Novice: 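Can you read through this structure? Questions will come right after.
Numbered from 1 within each chain, the chains take letters A, B, ... in sequence-line order. Quantities reported herein were computed from a predicted structural model and do not represent experimental measurements.
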2 protein chains.
Amino acid sequence: MGGPEVKRRPGGRSARVRAAVLDATFALLRSRGLEGLKIAEVAERAGVHETSIYRRWGNRENLLLDALLEVTEGLRVPDTGDLREDLTAYARDLAAFLATPLGHALEHALAAAGDDPDAQRARDRYWDTRSARSRQIVTRAIERGDLPDTVDPRLVIEMLVSPVHFRVVLTREPVDPDMPARIVDTLLGGIARG
Amino acid sequence: MGGPEVKRRPGGRSARVRAAVLDATFALLRSRGLEGLKIAEVAERAGVHETSIYRRWGNRENLLLDALLEVTEGLRVPDTGDLREDLTAYARDLAAFLATPLGHALEHALAAAGDDPDAQRARDRYWDTRSARSRQIVTRAIERGDLPDTVDPRLVIEMLVSPVHFRVVLTREPVDPDMPARIVDTLLGGIARG
DNA sequence: ACTCTAACGCAAGCGGACTTGCTTTTCGCG
DNA sequence: CGCGAAAAGCAAGTCCGCTTGCGTTAGAGT
C-alpha cells in the first residue's frame, strides 16, 4: 500500500513525502475528525501538492486506510499461558481500541473501502497484522494441549472478535465492558449444557 | 426513516414519490451497482426532482439504506422446533443474502452511514426487524428447555451472525458454505472439551 | 368548495474529491 | 558528472453530492 512498495528507484523524496502526508493526516484526523478531513488540507499541512497525494494513494479512502493501519501495527498479543486470560485480554484491548475515535475511523474506512487492489491490500494487511497474530493465542493453546486439535483457530478468533466489531460498525452501541469475558466463556463452555 | 414518518398531512403525493424513487433506486442499483448509482439518475428515472430526494432523505447514504432495508423486511425466521436446524438455516440464509450484490451493498451502506438520527434509525430498523426476530430462535429453545435459561439470547445470536458479517465487510472473502454449520456446532458444544 | 400548508418543481451555485496534460526537480546509475 | 526516469509541482477543469431560495401544486380539514 501507499504507492508501489516504497520504491527506492530514481527520484526518491518518496519517503519524506509519505511521512509528511501521513503525519498531517493523523493531525487533521484528530482535530477535524473523519468527515471533516479534506485532502486539500492534508496537502497544505504536509507541504505537498494535492496531486502528489492522489497519484500515490489514488483516493481518500486508501490514504485514510494507510494512515489508520499504521496505528494497528504495534499491537501486542497477550501470552500468559492461560487461554481464557489471553482471549479475554485480547478482546478487551480490541474493544477498547475500537471505542476510540481512531478505532471508529478505522472500522469506517475499512468497511467503506472499495474493491480495488490497494484497498484489498489494506484489508489483507489489517487482517494479517492484527488478527492472524491473534490466532496464535489459540494455536498455542492447542500445542499446550489445553484445546483439542479439532478446533479451527481461525474460526475461534473470528467468533471471539467479530461480535465486538459487529456492535461497533453495525448496531453502533457502546461495547459492554464485560462483553469480552462473556464471549470467551460462551466460546469455551458452549451453550448446550449448563 | 424516509422522511417524517409517512406524514399524511396536507400535500400527500409523498407515497407516490417515495415508491417511485425507491423503485428507481433498486433498478439502478442492479444495473449500475452501488458506486455507479447517481442520485441525479435516480431522480430522472423516478420522474422526480433531485431536490425532492434530498429533502426527504437528506443524503445518498440514507436513501440507499432506506431502499436496501426494504429487502430485509420480508425475512422469515425458521421455526422447526430444532435449535441446531433453526440456527444453521438462519445463518445459511444470511450468508446467502450477504453474498448477493444487494447484500454487499447493504453492508457497505450500513457501515458507511453516519451518526445522524436518520442513519441511526436505519440501523435500529435493520437490527430490530432482522436480528431481533432471529433472537426468537434462541428464546424458543430456552422456553422448550433445550437451552439453559442462563444463556443470553442476544449474545448467542450475535456470536452466530457476526462472523458471517465479519467476513463480508472486513476480510471480504467468500463465505464458506459450511461455515454456518461449523459456527453453530462450536457455539453449542464449546471448544474447551473435545 | 375554499383554504392553508407541506411537499414538490426548478434554477443556480458551492464544495470537495478526483483527473489530466504539462513542466520541473530529484537522485540512482553508468 | 551527467543522463534518464520516476516523482513532485502546478493549473485548470470535470463530476457529483448537496444546498438555497424561490415559485407552484396538491390535497387534508373545515
Novice: Less than 4.5 Å apart, any side-chain heavy atom of B:R123 and any of B:L110?
Specialist: yes
Novice: Check the distance between D:dA8's C1' and A:W57's CH2 and give it to me in whole angstrom.
Specialist: 12 Å
Novice: Using whole Å, what does the distance between atom P of nucleotide D:dC16 and atom CG of B:L28 come to?
Specialist: 13 Å
Novice: Respond yes when some side-chain nitrogen or oxygen of A:H49 is under 4.0 Å from OP1 or OP2 of D:dC10, and no when none is.
Specialist: yes
Novice: Please report the distance, rounded to the nearest Å, between CD in B:E44 and P in C:dG9.
Specialist: 13 Å
Novice: Could you state the atom-to-atom distance from CG of B:L64 to P of D:dG17 in whole Å?
Specialist: 10 Å
Novice: Detail all sub-3.5 Å separations between protein N/O atoms and N/O atoms belonging to nucleotides 15-22 of chain C.
Specialist:
residue : atom : partner : partner atom : Å
C:dG16  : OP1  : A:K38   : NZ           : 2.8
C:dA17  : OP2  : A:I39   : N            : 3.4
C:dC18  : OP2  : A:R60   : N            : 2.6
C:dG21  : O6   : A:R55   : NH2          : 3.2

Novice: State, with a plain yes or no, whether a side-chain heavy atom of B:W57 is found less than 4.5 Å away from one of B:R18.
Specialist: yes
Novice: Once you round it to whole Å, what is the distance between C1' of C:dG9 and CZ of B:R16?
Specialist: 12 Å
Novice: Between A:E158 and A:R154, does any side-chain N to carboxylate O distance fall below 4.0 Å?
Specialist: yes
Novice: What I'd like to find out is whether the side chain of B:K38 reaches to under 4.5 Å of the side chain of B:L28, using heavy atoms alone.
Specialist: no
Novice: Could you tell me whether B:D118 and B:R125 have a side-chain N and a carboxylate O separated by less than 4.0 Å?
Specialist: no
Novice: Quick check on A:E44: does its CD atom have over 12 non-hydrogen neighbours (other residues, nucleotides or ligands) under 6.0 Å away?
Specialist: no
Novice: Would you mind reading off the distance between A:I53 atom CD1 and D:dC10 atom C1', rounded to a whole angstrom?
Specialist: 14 Å
